[in-house]
Amino acid sequence: MAIQATATHGGPAHQADESMSRGMAGMVFFIASEIMLFGGLFAGYFYVRGQADVWPPEGVHKLDAVTGGILTALLLLSGVVAHFGVVGAKSGKQGQFILGMALALVMGTVFIAGQAYEWFSLMDEGLNAGSTVYGSTFYVMTGFHGAHVIAGLLMLAVVFVRAFWRDFTPSRHLFVDAGVLYWHFVDVVWVFLYVILYVLV
Amino acid sequence: MATEAIARPIQHPREYTGLLGWLLTTDHKKIGIMYLIFTIIFFFVGGLLALLVRLQLAWSDTGILSQDQYNQFFTMHASTMLFLFVIPVGAGFGNYLLPLMIGAKDMAYPRINAFSLWLIPLAALVMFSSFFVEGGSAQAGWTSYPPLTGKTFLPGSGTDLWILGVQILGISSVGGGINFLVTTMTMRAPGMSLARMPIFVWMIVITSVLVVFATPVLAGVLTMLFTDRFIGTGFFDPRQGGNPILWQQLFWFYSHPAVYIMILPAMGIVSEVLPVFSRKPLFGYKAVIYAGAAIGVLGFTVWMHHMFATGLSVPLTIWTMLATMMIAVPSGVKMFNWLGTLWGGSLIFPPPMLFAIGFLFMFLIGGVDGMFHAIVPIDYAINDTYWVVSHIHYVLFGGSVFGVFAGIYFWFPKMTGKFLDEGLGRLHFTLMFIGMNLTFMPMHVLGLKGMPRRIADYQSGQGWEVWNLIATVGAFIIAASMIVFIINFIHSLRSAPKTAGEDPWEGNSLEWSTSSPPPEHNFDSLPELHSERPTRDARIARQPLVPGAQASAEH
Amino acid sequence: MYQPPAGNRKPPRSMITAGILIAILAVVTIVSAFTVMQLPDPVTDQGKDIDLLYQPVLAISLIVFFGVTAAIIYALFRFRRTGPEIPEQVHGNNKLEFTWTAIPILILVVLFIPSFRLVLDLKTPPADDEIDITVEAVGHQWWWEFIYPDDGVRVQVTPPNYDDLTPPTMVVPVGKTVRVIVRSTDVIHSFYFPNSLYKIQAVPGNLNEMHFRISPENVGTYSGQCYQFCGTRHADMLFIVDAVSEADYERWLSEAQAAQGVIPAAAEAVAAGAGGN
Ligand code: HEA
Ligand code: HEA
Ligand code: CUA
Ligand SMILES: [Cu+2]
């Protein structure tokens, strides 16, 4: 192609910079819109909770804040190690990078497994999505979040694999930044979920 | 600029040609054109449904449609018009124009862009296929209020397909919105500061902010409806502790901003067209931007004005009334600045200008109609009557659709190098303007008399027939105008000579400084820009902005 | 390059055309304001208040509509292109911006204050002892049921025959304050008869109420129907409000009680036991 993109960019180095910030900008807007998605769910939660006489309804098993707390801690920790990995990527420490990603992946997977376990044991105890709106909010909100965790894990997995291929360099790691930013977002949403679903009842 | 532009196709090694070249393209101009074509086709489909609706209502007891058919047709009419036409058509213009206007070579994420485009026909397929399933298509109005839309009352899968279709379109919108925002933030040409961007770009930016922040809430609430239908969750079921009002809160939290998503691009188009044919800059450039932003921000605070009759609490009612009334202020600022642009100008009236002026007249009526709704005691009387229908169509048809046609007549020469025929354009405008007012003006009267919206039939003897008949006649005049447009479009595309040149109208913004149609990457190089009317400056200085823009395709 | 058709260079006579158009606009606006642009005649005190608010709103809106439309028409004719001269490039004017921000704000404040008061008025329920009669209007797919809980009377207890619709009638006495409790057993409906100018929705799981007092001179029947889309036969959910004198109301009530086998004293006792509402 004969045409150079001189209209918008300077030299090639400059161009790399631009596209870097461009990628991050997209991720930031995407996360903003995801925040609104969860914002809508939270608003719905508070709406139905606000009009209920007792919350959770009589006879419904209370969620176990301790197990939930352990999972929360795990997820937060995975955010920390993911960040540790990014620092590695930025400073060219390949080992630290791969280790961070691997640990984050493992912790995230354990979190999801824990969630699944909790879902099934709650269902055994009779808390269904259909029984009361309390169950509805619980399953839909954690379900939405779980889907986001899985999406985040997929991103981390791609980062992990590409890290093995040495696709990233200290100056080129946009996808790492974006993926880990998303992962942090998923963690933070969980903290809010944990607080309102497990603690403040 | 007087020389004729010769648009030569760029030879790109990996570029497919022919149909495949369109299907696989990531070029924002081709994508924009396909957006426009798809959405205009959906406009015709929605319009045909509207004609059936109008036929049924032409007189009391016509018996043309069954009640179920009627309910499906008006629901799909509105869903098609809103979700498949007005919302994506704005993105279509944005796609074609935004990169050209800010001097970028493409959108920030071309592949996401193509993805957003192709989601639209997919969603259309999903939504229209519902006509063929058992129980028929969605039939609870475009607002789909539960519990009616619950499994108990509408067990058919039409509602599910509707939810799925709207969900897909939401993803498409958000993808497009993010793309516009990032493109504008990071890809402006040197010197294209924010305060020099064309108003159209500004309006697309504000629209995109609304899209990115409002659409996800719709996604959430649609999911709730879906799980209510499928796994028996109880968000909207009072017996399980839910509340139908929750749907309305969340749905309108999206859908009120959405009405500004539908009008702001048209306002942007009008703000581009009026100055050109008045030979004056837009009056109050900054004021128009601030007003647009104010509309966007206020737009997030007024959604409960759709719920005044639900038994909304007094504080919420008062607050919403106040906020809604306040929206008249920035809207008025825009109106008056457009008037100021005309004032003292040197006006000519080719078709784009006619449609832009039509917009001014019609949007004014629609906006003032909205104020009647905003004043709560009056809304108690006219809520859910034909007054609403009148308001909807004065803002959406009189506003957005007139804006869209202004844009089509204005930029058709840029997209093709050819003019749409002027005589047919005038005929199109005249018929559409007359038909529009014949159709929707009587609805004010019907609304005041108390004719409810969404009724498949009405009793005779209430004085409703005559007004309905006038409306039906008007609708067919609109249809005639559309046929004129279709003829004009096909005829001009086929046999009009390529006489447009790069700057057919004495344009202001950057897109008029490149050939028509523009080369694949829009501009070879651009000098540092110094004003918000770069093409005009260059024309006055008799010094083309892009030296030999036509030649750019050659090396 | 676009060449405007030569016919565009109009003689100054076009200002006469503009004048005629604006005059027609004025006449049409004024005539319609007094004829077709009016709400139905209100029969309730509340409706009369709404209509009283409607008049200035209509007047101001039409003035805004007429003023802006006339200004655009004037500009279209006055500023036609007559030659190649470039007009003065005015970019804006802060004083004007301020003016046309301030004037709408003023108009809106003027409209807001009485609207605000009326909303409070309409939405504040009268004290229990000011209420003479309570009627429950219950929305079903697709018919209205009217229940007089204090008197044990029900109107329309089964779905109607849609092939031969006789809408159910809600009988109320004039000159009395009526509370209508609006509720639904299935989907959302909306209760409205245009001569009341006030509607409220029947939302399942929520109790809404409205109040009205039909003026003594407005004895008569008023048709109403469901205004919120509620499914296939939404258009068929008609009802009639029959406003009768107090004596006629009492007569109707005892006939209805007799027909439905209600013993008035027992109904009163039940009502008293339930706290008088
Ligand atoms: C493009 C779409 C669009 C736009 C721009 C608007 C603009 C406005 N709308 Fe509208 N609206 C809809 C689309 C739109 N609407 C739709 C689709 C519905 C129905 C949904 C459904 O139920 O199906 C609806 C319904 C609707 C309702 C609910 C009605 C009901 O169901 O009972 C209300 C209530 O307040 C309302 C108000 C307004 C107001 C105040 C504006 C304002 O933004 C208008 C402001 C503009 C002006 C006022 C004109 C210019 C101003 C001046 C010249 C200044 C001077 C003026 C004054 C001082 C008055 N709209
Ligand atoms: C952008 C939005 C939009 C547009 C453009 C329109 C356009 C029209 N609308 Fe619609 N309408 C809505 C949005 C829109 N509408 C909404 C949101 C509702 C509320 C729905 C609800 O209650 O849920 C509504 C409801 C609505 C109703 C009320 C239904 C009811 O409440 O019972 C009516 C009734 O007359 C109506 C009529 C029309 C008519 C006559 C047109 C005309 O302007 C249409 C003109 C177009 C044509 C006539 C196309 C003609 C094309 C051809 C002839 C070419 C065919 C050729 C080929 C295919 C090759 N509309
Ligand atoms: Cu009940 Cu409409
Ligand atoms: Cu709104």
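Note on naming: letters A, B, ... go to the chains in the order of the sequence lines (proteins, then strands), and numbering restarts at 1 for each one. Predicted, not measured: the structure shown is a model, and the values here were computed from it.
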Where is the tightest heavy-atom contact between M36(A) and V217(B), given as atom of each residue plus distance? O-CG2, 3.6 Å

Kindly check if the number of other-residue, nucleotide or ligand heavy atoms within 6.0 Å of CZ (F192(A)) is above 12? no

About how many Å separate CE of M185(B) and CZ of R22(A), when rounded to the nearest 0.5 Å? 11.0 Å

Which pairs would a plain distance check flag for residues 168-178 of chain B, meaning a side-chain donor or acceptor within less than 3.5 Å of a matching protein atom at least two apart in sequence or in another chain?
{"unit_1": "S172(B)", "atom_1": "OG", "unit_2": "S116(B)", "atom_2": "O", "d": "2.9"}
{"unit_1": "S173(B)", "atom_1": "OG", "unit_2": "L169(B)", "atom_2": "O", "d": "3.3"}

Determine which residues belonging to residues 122-148 of chain A lie within contact range of chain B, meaning some heavy atom pair is under 4.5 Å apart, and list them by number or answer 'none'. A129(A), G130(A), S131(A), T132(A), V133(A), S136(A), T137(A), V140(A), F144(A)

Minimum-distance pair of heavy atoms, taken over all atoms of L246(B) and G44(A): CD1-CA, 3.7 Å

Chain A: which of L181(B), I112(B), T227(B), N179(B) shares the most heavy-atom pairs with it under 4.5 Å? L181(B)

Quick one: what part of F253(B) sits under 4.5 Å from any heavy atom of chain A, side chain, backbone, both or neither? side chain

Does anything in residues 98-105 of chain A reach chain B? List residues with heavy atoms under 4.5 Å apart, or say none. none

T223(B) versus chain A, heavy atoms under 4.5 Å apart: side chain, backbone, both or neither? side chain

Ordered numerically, the heavy-atom neighbours of chain A under 4.5 Å found in residues 204-215 of chain B are V212(B), F213(B)

Verify, without hydrogens or angle tests, whether Q51(A) (side chain) and G241(B) (backbone) share a donor-acceptor contact under 3.5 angstrom. yes

If you take all heavy atoms of A43(A) and L250(B), which pair is closest and at what distance? CB-CD2, 4.3 Å

Under 4.5 Å to a heavy atom of chain A? For M192(B) that would be neither

Given that the side chain runs from C-beta out, which part of Y47(A) has a heavy atom under 4.5 Å from chain B: side chain, backbone, both or neither? side chain

